[in-house]
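Data first, discussion second: the structure below is written as structure tokens.
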Amino acid sequence: MALVPYEESAEMGLQKFHKPLATFSFANHTVQIRQDWRQLGVAAVVWDAAVVLATYLEMGAVELRGRSAVELGAGTGLVGIVAALLGAQVTITDRKVALEFLKSNVEANLPLHVQPRAVVKELTWGQDLGSFSPGEFDLILGADIIYLEETFADLLQTLVHLCGSQSVILLACRIRYERDSNFLAMLETQFTVSKVHYDPEKDVHVYKAQKRSQREGL
């Protein structure tokens, strides 16, 4: 069953999601992502936001080598895979139902010498935070994870927990609905937020966020 139901319509161009493989070139590697829309729905296809965020990482806008990173709501794991190929130590997370599929893509696309830099781990926002140290990661990555309004409070809580004072959040998304802007407004209550990249062809924005200092909050 799909984690989130989407109506199949021509305007959404879902045909590409039904292909068993999506192939990309990142970090001098061919990355072949297995897709399984029928079984896992949105968690098992490559969304444009993931491609844009992976491209942004490859552009070198943030330092990855030797940095600790976590991908939230990873789905197919494309962003986390690319981050690992670019030198980061990456924890790639999603809900339990998606982990086996996610792990298969990670293992299939990382060379043996890179695989130790990537760990697949369960994380349901707002629920599994005890298994992560506060401020554990240098970089928090999320592609197209802003779409269910009922998850916003848990997602914000998770971001606050995972971020230290120097951590950087990168979120890639389309601004489809008012609720998407509402989440960015929620994010700004705890973080300074700026748009750092836009892909006009895919209509995907990349936002950078960092924790507000206590002084800023005064």
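This chain uses plain numbering: 1 for the first residue, then up along the sequence.
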Less than 4.5 Å apart, any side-chain heavy atom of [X] and any of [Y]?
X      : Y     : result
Phe101 : Thr76 : yes
Pro111 : His29 : yes
Arg174 : Asp48 : yes
Thr55  : Val51 : yes
Leu162 : Leu72 : yes

Nearest heavy-atom pair of [X] and [Y]: which atoms, and what distance?
X      : Y      : answer
Asp94  : Gly73  : OD2-C, 3.5 Å
Ala74  : Ile92  : CB-CG2, 3.4 Å
Phe137 : Phe132 : CE1-CD2, 3.8 Å

Donor-acceptor contact below 3.5 Å, side chain [X] vs main chain [Y]:
X      : Y      : result
Gln210 : Thr192 : no
Thr93  : Glu71  : yes
Thr158 : Gly126 : yes
Gln115 : Leu110 : yes

Qualifying salt bridge (Lys or Arg N to Asp or Glu O under 4.0 Å) pairs, either residue in residues 125-153, two or more places apart
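Sorted pair list: Arg67-Asp138, Asp144-Arg176.
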
Under 6.0 Å from the NZ atom of Lys208, do we count more than 12 heavy atoms belonging to anything else shown?
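Open.
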
Would you say that more than 12 heavy atoms from the other residues, nucleotides or ligands in this model lie under 6.0 Å from the NZ of Lys121, or not?
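Count over threshold, so yes.
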
How long is the straight-line distance from [atom2] of [Y] back to [atom1] of [X], given to the nearest 0.5 Å?
X      : Y      : atom1 : atom2 : result
Ile33  : Leu21  : CD1   : CG    : 9.0 Å
Thr189 : Leu187 : OG1   : CG    : 7.5 Å
Phe26  : Leu78  : CZ    : CG    : 5.5 Å

Same apolar cluster: Leu148 and Trp47, side chain cutoff 4.5 Å
yes

Are Ile81 and Val52 connected, step by step, through hydrophobic side chains (Ile, Leu, Val, Met, Phe, Trp, Tyr) whose heavy atoms are closer than 4.5 Å?
yes

Under the criterion side-chain contact (heavy atoms from CB on, under 4.5 Å), I'd like the reasoning laid out for Leu123 against Thr91: C-alpha separation, chi angles, the key distance, then a yes or no.
CA-CA 10 Å; Leu123 174 54; Thr91 301; over 6 Å; no

Before giving the answer on side-chain contact (heavy atoms from CB on, under 4.5 Å), spell out for Val90 and Arg117 the whole-Å C-alpha distance, their side-chain angles and the decisive distance to 0.1 Å.
CA-CA 6 Å; Val90 189; Arg117 292 207 298 266; over 6 Å; no

Checking Phe183 against Leu171 for the side-chain contact (heavy atoms from CB on, under 4.5 Å) test, could you report, in this order, the C-alpha distance in whole Å, the side-chain angles of both residues, the deciding distance, and whether it holds?
CA-CA 11 Å; Phe183 179 77; Leu171 298 177; 4.2 Å; yes

Please walk me through it: do Glu201 and Asp203 pass side-chain contact (heavy atoms from CB on, under 4.5 Å)?
CA-CA 6 Å; Glu201 182 182 342; Asp203 188 26; over 6 Å; no

